[in-house]
Structure formats: structure tokens, C-alpha cells
Protein chains: 2
Amino acid sequence: MELLNNFSQIEIESPSDKIIRQIKGLISSGQLNPGDKLPSERKLCDKLGVGRTHLRDALKKLEFYGILKTLPQSGTVVAGIGIPALEGLISDMLSLHNHDFKSLVETRIILESQAARLAARNRTVDDLIELDNALLAHQKKVEDDQSAVEEDLLFHVKIAEASHNSVLKSLMLIITPDIMSYFNQHNICSDGKSAKAVEQHQAVVKYIEANDEDGAVRAVTDHLSDIIDYVNGIT
Amino acid sequence: MELLNNFSQIEIESPSDKIIRQIKGLISSGQLNPGDKLPSERKLCDKLGVGRTHLRDALKKLEFYGILKTLPQSGTVVAGIGIPALEGLISDMLSLHNHDFKSLVETRIILESQAARLAARNRTVDDLIELDNALLAHQKKVEDDQSAVEEDLLFHVKIAEASHNSVLKSLMLIITPDIMSYFNQHNICSDGKSAKAVEQHQAVVKYIEANDEDGAVRAVTDHLSDIIDYVNGIT
DNA sequence: TACCATAAATTGGTTGACCAATTAATAAGA
DNA sequence: TCTTATTAATTGGTCAACCAATTTATGGTA
């Protein structure tokens with residue numbers, strides 16, 4: 001079955017991504033500048049040789065990333081962030097969700113440990129109750145020998161909520177699916193570690209409750225050290 | 001002109017966001033479960049009482065966030081991340097790009113300081129050259145008394161690149177437009193600080209060059225301390 | 001000439017019909 | 001009865017026409 005490893009994921013570039021790449025070209029060649037109003041959608045389709053639906057998809061993506069701003073019944077303008085940064089942002093958004101696992105885990109640890117720090121600083125009594133509930137739910141599943149990845153994940157989300165930093169929570173949620181899909185693809189289920197995980201979770205909560213910022217960071221780092229080791233192993 | 005301050009931004013929920021909210025309702029009420037195949041797009045539009053275009057927009061967004069997976073000519077399935085996490089993710093993605101400024105800045109500092117740490121650890125000689133170039137470009141603009149926000153930003157991007165962590169760079173780029181739009185809206189241009197900024201940038205590069213991780217973190221934190229103070233002031 | 005009301009053209013937004021691929025159902029053959 | 005072609009229905013993907021709001025052009029009036 002080792003033959004399967006000789007095949008790699010086929011790169012399929014969606015039509016809208018192709019268009020984004022072309023628009024990037026228009027910017028590089030100076031035909032499009034920050035602050036400019038784009039040509040009308042119809043003229044652009046014509047010029048790029050694609051359907052309006054696809055062009056619209058591309059524009060929507062670019063707007064989501066803050067690169068464009070669409071004014072209803074009026075036109076679409078390029079945000080004033082300057083060409084070099086603009087190009088960087090575009091090439092970057094094309095490769096989002098296609099990150100290497102090491103970067104993903106490294107970043108996850110950064111986000112989670114700092115979330116724990118903020119949680120230790122800002123947590124309310126309500127947050128502690130929520131954390132305890134998540135902890136108990138996780139513990140119960142583990143004791144019943146059921147799959148607890150869901151409850152595990154939810155505990156980490158609760159920490160992010162206790163940090164009272166909405167951006168940090170959002171970013172964590174953004175990278176979570178990527179990490180999980182990698183886990184599923186490579187069957188890194190980390191069985192048998194569940195009981196240990198529960199203990200480590202308890203430690204994290206303890207430090208957050210005591211407002212011990214450095215302790216919380218340390219506890220989270222310890223908890224995730226297994227994954228760190230794994231990542232460093234594959235490099 | 002103070003009258004203007006009595007008006008707040010009108011909340012406009014896009015059609016696709018409304019649909020996402022409805023789909024969230026379907027999940028909450030148990031009509032949709034992880035692993036399920038969704039009803040066909042046509043039946044869904046009919047049930048939700050919306051056009052297919054809007055429904056498709058919503059599905060595309062949900063797919064971007066890893067909540068759904070669309071199989072061409074076959075169907076759309078709900079990712080197996082479990083209902084509670086799913087709900088959290090959905091409500092969170094609806095409020096993306098609508099974050100409070102304090103969380104944004106707090107997170108930016110976390111990302112940039114840790115990026116600097118990794119840069120100090122992983123930087124190559126090429127990275128140092130790139131950093132120097134960005135530094136000189138910034139310096140030149142400042143000496144000519146021209147607007148240098150673009151070059152300033154670009155310098156920070158170069159640090160992210162020197163960290164050799166693609167995820168960290170992506171996340172930084174994601175929140176950057178939000179921060180900049182807030183800066184523009186509230187006219188926080190921080191004039192006159194440019195010369196100081198150049199010096200601080202030089203310090204950061206020095207620590208990165210010397211592989212001094214803690215020093216790099218400290219230098220970045222110092223550099224951004226002005227914004228920290230501002231944020232703590234408005235709380 | 002300057003101004004304003006009106007009409008034509010252009011804009012992004014939306015809709016419904018159409019396409020090819022897939023799946024399910026059906027009918028023919030062993 | 002089971003297997004296998006063949007057909008019909010359903011799927012997501014795509015396209016072209018249409019809509020209302022906006023902008024621009026036009027022509028008439030002071």
C-alpha cells in the first residue's frame with residue numbers, strides 16, 4: 001500500500017482564484033492602482049475572458065480580505081494599501097488553507113498560550129464556571145472511553161472566550177479546521193493520552209483561576225508539548 | 001459637528017449572512033447534523049425562501065471556514081466537527097471584521113512579537129538583506145517627509161516572512177486591514193513619530209540579526225507600546 | 001452663459017433557465 | 001434471481017437576460 005504515498009494532492013485552482021491571479025497581474029503591470037475605480041464588471045469579464053459569475057466570486061473574495069471595496073450601483077475601488085503590500089496579501093490569500101503543519105501547530109501554540117495568559121488576567125467568575133463545565137464534560141467522555149476530541153476542542157475555545165479577546169478567538173477558530181483535517185488525514189489520534197489531557201486541563205484552569213499568567217502559559221505549553229515534539233520530529 | 005457622533009454605523013446584514021444564520025438554526029434544531037448531506041440547493045432555497053445565488057454565497061463562505069464541504073455534482077456535507085463547536089464557529093465568522101480595537105491591537109502585538117521571536121530564531125542571511133532593504137526604504141521616505149505608513153507596514157511583513165511561519169504571516173495580514181481602517185476612521189496618524197519608528201525598527205533588526213529572541217520580542221513590544229497606551233486609554 | 005429638469009446609458013444586484021456530471025431507477029439479458 | 005446496460009431524474013456549475021439605482025448626457029429655460 002506504500003504505492004499510495006507516491007501520489008500527491010492534485011492542485012486544482014478554482015476559477016475565481018485564477019481571476020484573482022489575473023487581477024494581481026493587472027496591479028503588477030500598473031494597469032490597476034490603489035484608489036482607482038475598477039472597470040465595470042462586464043468590461044472586466046470581457047478583458048479577462050471569463051463569466052461574470054466567476055469574476056464576481058473573485059471580487060467578493062478580494063473584498064473579504066479588505067483589498068477591494070464594492071459600492072452598490074456605483075463601482076468597485078482598490079483599497080489604498082499600496083501595491084507591494086497588496087501583492088503580498090493577494091499571493092498569501094491564494095495559499096491560505098494550504099499551510100505546512102509545522103507552521104500551523106507553532107501558531108496554534110502561540111495563540112493558545114497567549115489566550116491563556118489573557119484569560120488568567122481577565123477571567124470573570126462566569127468564565128471559571130464555563131471552564132469547569134467544559135472540563136467536566138471532557139472528563140466524563142474520557143471516563144466512558146468515548147471519543148472526546150470534540151470536548152477537548154471545546155475546552156480550548158472556552159479559554160479563548162475567557163481571554164475576552166474576540167480576535168484571538170477568531171484566529172484560533174480559523175486555523176482549527178486545518179489542523180483537524182491534517183490530524184484526520186495522518187491518523188494522529190493520540191489515543192490513550194486522554195486521561196493525561198484531562199489532568200493538564202485541570203492545571204490550566206487552576207492557574208487561570210489564580211490569575212497566574214506565566215503559570216497558565218506554562219501549563220498550556222506543557223499540554224501541547226507532545227504535538228511540538230511530533231512536529232519537530234518530522235522536520 | 002459633534003452631532004455626527006450621535007450616529008452610529010448602521011448594521012447591514014448581507015443576504016448570505018442571514019442565510020448562514022438560518023442554517024445555524026437548522027443545526028441548532030437538529031435538522032442538520034455533522035456528517036449529514038445537505039438537501040439540494042434548490043430545495044434549500046425553497047425552504048429558506050431565498051434565491052439560489054445568495055444560498056450559494058452562504059455555502060461558499062461556510063466552505064471557506066471548513067464547516068461544509070461541497071462535492072461537485074453530488075452534494076454538500078457538513079464537516080464532522082460536532083454541533084457545539086460548529087455553532088460557535090458560525091456565530092464567530094458572522095462577526096469577523098467587526099472586532100473591537102483593543103482586541104485587534106492586543107492580538108497584533110502578540111502576533112508581531114512572536115513573529116520577531118521566530119525571526120530571531122530562523123532568519124537566514126537573505127532575510128536580513130530583505131529587512132535592511134525595507135528599513136532603508138522606510139528611512140528614505142521619512143527623511144523626505146513623505147507618508148511612510150506603507151513602508152512601515154511592509155517592514156513588519158518582512159519580519160513575518162523572516163519568521164518562516166506562513167500561518168503567522170497570513171493571520172497578520174488578515175487583521176491588518178481592520179486595524180488600518182480603524183486608524184483611518186479615527187485619524188490616529190501618529191505624526192512626528194516616524195523618526196522614532198525608524199530607530200526602533202533598527203533595534204528590532206539588530207536583535208534578529210544577533211539571534212536574540214527575547215531581545216527581539218522586547219524591541220517589538222517597545223515599538224508598539226504607544227498604541228498599547230492609546231488602547232488602554234480608551235477602555 | 002449658467003442652471004436645472006429630463007432622458008439615456010451604465011452600474012452592481014438578482015433571477016431563472018440551461019449545462020454536464022453524477023446518481024438512481026428501470027429494463028433487458030444470462 | 002442476479003447482473004448489467006440503458007435511461008431518467010437529480011445534482012452542483014455556468015451563463016445570459018433582466019432589475020432598480022446611479023451616473024452621465026442632453027436639451028430647454030432663465
Side-chain angles (χ1 to χ4, degrees), chain A residues 9-23 26-27 31-80 94 97 177, chain B residues 9-23 26-27 31-80 94 97 177:
Chain A
Q9 181 74 33
I10 299 174
E11 282 280 341
I12 304 171
E13 191 169 46
S14 74
S16 68
D17 280 356
K18 280 185 186 168
I19 296 174
I20 290 175
R21 210 175 285 281
Q22 290 196 56
I23 291 179
L26 291 182
I27 293 172
Q31 298 182 60
L32 235 55
N33 289 294
D36 280 2
K37 193 158 78 180
L38 271 78
S40 77
E41 293 186 356
R42 290 163 177 80
K43 285 175 185 170
L44 257 182
C45 318
D46 192 48
K47 177 156 187 158
L48 300 177
V50 292
R52 201 147 85 92
T53 310
H54 293 308
L55 176 72
R56 247 147 167 282
D57 278 357
L59 295 183
K60 215 159 232 178
K61 270 194 190 179
L62 289 166
E63 188 176 3
F64 176 83
Y65 280 90
I67 296 171
L68 298 179
K69 182 72 192 172
T70 295
L71 313 167
Q73 261 74 33
S74 169
T76 305
V77 291
V78 185
L94 288 174
H97 295 305
Chain B
Q9 180 74 32
I10 299 175
E11 281 281 341
I12 306 171
E13 190 169 48
S14 75
S16 67
D17 280 356
K18 280 184 186 168
I19 296 174
I20 290 175
R21 211 175 285 281
Q22 290 196 55
I23 291 180
L26 290 182
I27 293 172
Q31 298 182 59
L32 236 54
N33 288 295
D36 281 1
K37 193 158 77 179
L38 272 85
S40 78
E41 292 185 356
R42 296 180 230 292
K43 285 175 186 169
L44 256 183
C45 326
D46 190 49
K47 176 155 185 158
L48 301 177
V50 293
R52 199 146 87 93
T53 310
H54 293 308
L55 177 71
R56 267 172 137 266
D57 279 357
L59 296 182
K60 217 158 230 175
K61 270 195 190 178
L62 289 166
E63 189 177 3
F64 175 83
Y65 280 90
I67 296 171
L68 299 179
K69 182 74 190 171
T70 295
L71 312 168
Q73 263 72 33
S74 168
T76 306
V77 292
V78 184
L94 288 174
H97 294 308

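Order of the sequence lines fixes the chain letters, A, B, ..., with proteins taken first and strands second; residue numbering starts at 1 for each chain.
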Side-chain polar contacts of residues 49-57 of chain B - donor-acceptor pairs under 3.5 angstrom, sequence neighbours left out - could you list them?
unit_1	atom_1	unit_2	atom_2	d
B/R52	NH1	B/E41	OE1	2.5
B/R56	NE	B/E41	OE1	3.2
B/D57	OD2	A/K60	NZ	2.4

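Under the rule for a salt bridge (Lys or Arg N to Asp or Glu O under 4.0 Å), the partners of A/R21 that lie at least two apart in sequence or sit in another chain are A/E13. Applying the side chain to side chain contact (heavy atoms under 4.5 Å, CB included) criterion to B/Q73, with sequence neighbours excluded, gives no partner residue. Residues passing the side chain to side chain contact (heavy atoms under 4.5 Å, CB included) test with B/D36 are B/N33, sequence neighbours excluded. Contacts of A/K47 classified as side chain to side chain donor-acceptor pair (under 3.5 Å), with partners at least two apart in sequence or in another chain: A/Q31. A/K69 is linked by a side chain to side chain contact (heavy atoms under 4.5 Å, CB included) to A/E63, A/L71, A/V77, counting only residues two or more places apart in sequence or in another chain.
At whole-Å resolution of the value, CG in A/D57 and P in C/dG13 are 13 Å apart. At whole-Å resolution of the value, CG in A/D46 and C1' in D/dC15 are 15 Å apart. A straight line from NZ of B/K69 to C1' of D/dG12 spans 14 Å, rounded to a whole angstrom. Rounded to an integer number of Å, the gap from A/E41 CD to D/dT14 P is 17 Å. We find that CZ of A/R56 is positioned 16 Å from P of D/dA16, with the value rounded to whole Å. Rounded to whole angstrom, the span from the NZ atom of B/K18 across to the P atom of C/dT14 amounts to 11 Å.
For the segment residues 47-55 of chain B, residues with any heavy atom less than 4.0 angstrom from an atom of DNA chain C are, sorted by number, B/G51, B/R52, B/T53, B/H54.
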- [ ] Just do the side chain to side chain contact (heavy atoms under 4.5 Å, CB included) check on A/I23 and A/L59 with the steps written out, would you?
- [x] CA-CA 10 Å; A/I23 291 179; A/L59 295 183; 4.2 Å; yes
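The shortest distance between the side-chain N/O atoms of A/T70 and the OP1/OP2 oxygens of C/dG12 is not below 4.0 Å.
No engagement by A/K37 is indicated, since no non-hydrogen atom pair under 4.0 Å with the nucleic acid exists.
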Expected rows: protein N/O vs nucleotides 19-22 of chain C N/O, under 3.5 Å:
none

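The two residues B/A79 and B/G66 come nearest to each other via the heavy atoms CB-O, 3.4 Å.
With contacts defined as side-chain heavy-atom distances shorter than 4.5 Å, the pair A/I20/A/K61 qualifies.
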